[in-house]
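Reviewing the structure listed below.
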Amino acid sequence: MRWTQTFIPTLKETPAEAEILSHRLLLRAGLIRKLTGGLYTFLPMGLRVLQKVERIVREEMNRAGAIEVLMPALQPPEIWKQSGRYESAQDVFFKAHDRTKREWILGPTHEEVITTLVAGEISSYRQLPRNFYQIQTKFRDEIRPRFGLMRAREFVMKDAYSFDVSDEAAQVSYQKMYDAYVSIFRRCGLRALPVEADTGVMGGQHSHEFMVPAEVGESDIVYNEAGSYAANIEKASSGLKPPFPDPASAEAQPAVEKFATPDVKTIEALAQAPYSVPPSRQIKTLVYIAEDQPILILLLGSDQLNEAKLAAVIGTTTFRAASANEVFETLGAHPGSLGAIGVSGPKIYADSMLKNGSGLTTGANEDGFHLRHVCVERDLSVSEWADLRTVKEGEPCPVTGEPLKLQAAIEVGHVFKLGTKYSENIGALFLDANGKQAPAVMGCYGIGVTRTLQAVIEQDHDDKGIIWPIGIAPFTVCVTALDIDPGSPAMQTAESIYSALSDRGIEVILDDRDERPGVKFKDSELLGFPVRVAVGARSLKENLVEVKPRTGELQKVSPDSVVDVVVAWIEAHQIPCTP
RNA sequence: CGGGGCGUAGCGUAGUCUGGCUAGCGCGCGUGGAUCGGGACCACGAGGUCGGGAGUUCGAAUCUCCCCGCCCCGACCA
């Protein structure tokens, strides 16, 4: 490819619309352009990278035995009603209407479509297992598109769906995908960490997310140094023991005592003099409305509620924090003086850290008053104990006991063990060896392809620009001709190096623009080509050209040997298909 | 949806508070010159519904109201 024959609109200045580095570089390097918020055009260089990531995904999916299909982007609402997700997924739908006003859904995901297909085509255990995948554009009405490709209204996703005869078989399919994902991200040069994840709205039983540690990441992961434990913060638990070891001592505690706390509205205020009750000796009482019913959640004052854990415990995702009015209706006091003592109506969920708790302080359900000397088991009627708190950095790992690390990360992939929810609702049933009908056991596996591309940039760049790994760089080598006069030795040499590298199967771009050397060098660094070969009169006088790996040392070699040098460098630095 | 910020040429911006003549600058773009190994230089030039609409005023980029869009923080996800 010749630079002048393609379209690479690089930007010297940073567009105001981009906040994070990877987004800026996507724009500046001329990889993408915005149409409007959350919608982007892939320009030639961006498209090449996208296609390379897709190629790696295809190779690894095929290798893992998955079968490629392509499903419609437009979907009928009926299948969503059938799976039972029509209502719960409302918020993410982009909808379209045809001339008869009939409603259509632009697919945010494809469980319903694939399960409908399988329901019609698969009827025997002899046809299983099967794993279908596609690379498709998904549409989601994001609350807030942001960070360029990171969270867009429309994005390219690889999604795979496995169908198995049993849980055990499904576990095998799951593991194959898990392993394929490890390979895919490794080959993209991404340091993606598999972490235990919450299943959220997918309603699955078991799941891992593939996370790329990055400051701009939208979720937090928790892990230990040894690498034996890693989980999404929503799922993470710690090895922390409740601070109240001895249940017997509770009986020896003094009776509950009410005391005045005028103007105290927060945990922090109660921790100050004259009260001086440390947060870890307070009970935090939260009021939530779950499926229209108020519930109470009790935590240590020093802990934060983890809503994903709460969802798992109460078995629904339709809940929210109660409004100040609802709180008052429920408990007769305003936030700041809330407690669960004497409360009988709402269910009370208590975090395990409160187990055997004594000598605690809580709100009196009377504005301006608190209660002290509270013993949890003695004074409170807890409906259910559970792990409801959010893990904090430095707490002991549940596996090894070493201090946990906390890190922001970008989710690039997610694997779920789904079970039979969709196959049952949509009727993806098969006959087993005994002639008995059973729903296929499913798994689903997603990779944000466009997001992965951006995550690579976010992970590997410097002040000059992008640093692509060889496997997904738009071109592997950039031959920079410092003199483009067709008769000049520099251009002739550049041309012959360009053809020779192309003949060796190397993807090479020849910078044949009528630009000053500085411009060409800056652009090749901004675009992040792994190797640059500069050909100019100055070096050529000594019969030399310059080989400069994007992140390595400049090397002067003869034009005759440059192809071998470059090929050898590539072979030494590319990421192999298998580790 | 709540909170904050912004909208002036392809891009980055000054001017807006405190209304006043042909709306200024840098990059990029065009022509010419000089130069020819790190976004260099000189000259000339093209390019603007000042996000849109309504209003106030002798006069609006500037003040008022309504609308639209974008960016950032929170709830959502690949």
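Between the side chain of A:Arg516 and the base of B:rC36, no donor-acceptor pair under 3.5 Å is found. Within 3.5 Å, no donor on the side chain of A:Asp483 pairs with an acceptor on the base of B:rG37, nor the reverse. Judged by atom type and distance alone, A:Thr36 does not reach the base of B:rG69 through any side-chain donor-acceptor pair under 3.5 Å. Looking at A:Glu546, its side chain comes within 3.5 Å of the base of B:rG37 through a donor and an acceptor atom.
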What does the list of N/O pairs under 3.5 Å between the protein and nucleotides 2-12 of chain B look like, with a distance for each?
residue	atom	partner	partner atom	Å
B:rC11	O2	A:Glu13	OE1	3.4
B:rG12	OP1	A:Ala16	N	2.7

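The separation of B:rA46 from B:rC27, taken at their C1' atoms, amounts to 16 Å, rounded to a whole angstrom. The separation of B:rC11 from B:rC29, taken at their P atoms, amounts to 15 Å, rounded to a whole angstrom. Rounded to whole Å, the P atom of B:rC67 lies 12 Å from the corresponding atom of B:rC1. Distance noted for atom C1' between B:rG20 and B:rU57: 12 Å (whole Å). Comparing the same atom, C1', in B:rG48 and in B:rG55 gives a spacing of 24 Å after rounding to whole Å. Nucleotides B:rG12 and B:rA23 are separated by 23 Å at their P atoms, to the nearest Å. Separating the C1' atom of B:rG28 from that of B:rC21 is a span of 30 Å, rounded to the nearest Å. Atom name P, nucleotides B:rG53 and B:rG15: the rounded distance is 25 Å, in whole Å.
Contacts of A:Val412 with the nucleic acid, taken as non-hydrogen atoms under 4.0 Å apart, involve only primed sugar atoms and P, OP1 or OP2. Across all strands shown, A:Ile447 has no heavy atoms under 4.0 Å from either base or sugar-phosphate atoms. Residue A:Arg24 is classed as having no contact, given no heavy-atom separation below 4.0 Å to the nucleic acid. No contact: A:Glu307 has no heavy atom under 4.0 Å from any strand. Using a 4.0 Å heavy-atom criterion, one finds that A:Gly536 contacts the bases of the nucleic acid, with or without backbone contacts as well. Here A:Asp159 lies out of heavy-atom contact (under 4.0 Å) with every strand. The residue A:Gln454 sits apart from the nucleic acid: no heavy atom pair falls under 4.0 Å. A:Arg33 comes within 4.0 angstrom of no nucleic acid atom, judged by non-hydrogen atoms across all strands. Nucleic acid contact for A:Lys520: none, since no nucleic acid atom lies under 4.0 Å from a heavy atom of the residue. Counting non-hydrogen atoms under 4.0 angstrom, A:Ala152 reaches a base of the nucleic acid.
Side-chain proximity of A:Phe147 to the nucleotides B:rG38, B:rC72, B:rA78 is greatest for B:rC72. Checked against B:rC76, B:rC70, B:rA78, the side chain of A:Arg140 finds its nearest nucleotide in B:rA78. Among B:rG39, B:rC77, B:rC70, the nucleotide with an atom closest to any side-chain atom of A:Arg451 is B:rC77. Across B:rC1, B:rG39, B:rA78, the shortest atom-to-atom separation from the side chain of A:Ile143 is found for B:rC1.
A:Glu234 places its CD atom 7 Å from the P atom of B:rC76, with the value rounded to the nearest Å. Between the CG atom of A:Leu35 and the C1' atom of B:rG69 there is a distance of 13 Å, rounded to whole Å. For the pair A:Glu542 CD and B:rG37 P, the interatomic distance rounds to 14 Å; values are reported in whole Å. If you measure from atom CD1 of A:Ile233 to atom P of B:rA75, you get 13 Å, rounded to the nearest angstrom. Rounded to a whole Å, the CE atom of A:Met150 is 12 Å from the P atom of B:rC72. Rounded to whole Å, atom C1' of B:rG39 lies 14 Å from atom CG of A:Leu482. In this structure, CZ of A:Arg513 is placed 16 Å from C1' of B:rC36, rounded to the nearest angstrom. In this structure, A:Asp485 places its CG atom 15 Å from P of B:rC36, rounding to the nearest Å.
Classification of the A:His208-A:Tyr178 ring pair by plane angle, with boundaries at 30° and 60°, yields perpendicular. Aromatic ring pairs are classed by plane angle as parallel below 30°, tilted from 30° to 60° and perpendicular above 60°; the pair A:Phe93 and A:Trp80 is perpendicular. Between A:Phe416 and A:His414, the ring planes are parallel. Angles under 30° get that label, and only those over 60° would be called perpendicular.
Smallest separation of non-hydrogen atoms from A:Ala29 and A:Leu527: O-CD1, 3.5 Å. The two residues A:Ile426 and A:Ser83 come nearest to each other via the heavy atoms CD1-CB, 3.9 Å. Nearest heavy-atom pair, A:Ala236 versus A:Val391, reported as atom, atom and distance to 0.1 Å: O-CG2, 3.2 Å.
With A:Glu525 as the fixed residue, the side-chain hydrogen bond (donor to acceptor under 3.5 Å, both in side chains) test singles out one of A:Arg550, A:Lys548, A:Arg532: A:Arg532.
Inter-residue side-chain proximity for A:Leu305 and A:Leu310 is flagged as met; some heavy-atom pair is nearer than 4.5 Å.
Looking at residues two or more places apart in sequence or on another chain, you find a ring pair (Phe, Tyr, Trp, His ring centres under 6.0 Å) between A:Trp569 and A:His573.
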Check your understanding: Under a 3.5 Å cutoff on both atom distances, Watson-Crick or G-U, what's the dot-bracket for RNA chain B ([ ] crossing, | other strand)?
Key -> ((((((((.[[[[.)....(...]]]].(((((.......))))).....[[[[[..)....]]]]])))))))....
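For A:Lys95 and A:Asp141, the salt-bridge test fails: no basic side-chain N is under 4.0 Å from an acidic carboxylate O.
Each of A:Ala537 and A:Gly413 has a nearest nucleotide on RNA chain B; the 5'-most of these lies closest to A:Ala537. Projected onto RNA chain B by closest heavy-atom contact, A:Phe210 and A:Glu19 fall at different nucleotides, the more 5' of which corresponds to A:Glu19.
For the pair A:Arg146 and B:rG74, the criterion of a side-chain N or O lying under 4.0 Å from OP1 or OP2 is met. Of the side-chain N and O atoms in A:Lys12, one or more sit less than 4.0 angstrom from OP1 or OP2 of B:rG28.
By the stacking rule of 5.5 Å between ring centres and under 30° between planes, A:Phe155 stacks on the base of B:rA78.
Relative to the six-membered ring of A:Phe475, A:Arg48 meets both conditions, a distance below 6.0 Å and an angle of at most 45° to the axis.
Inspection of the A:Gln134 and A:His110 side chains reveals an N or O donor paired with an N or O acceptor under 3.5 Å.
Applying the 6.0 Å contact sphere to NZ of A:Lys176 captures no more than 12 heavy atoms from other residues, nucleotides or ligands.
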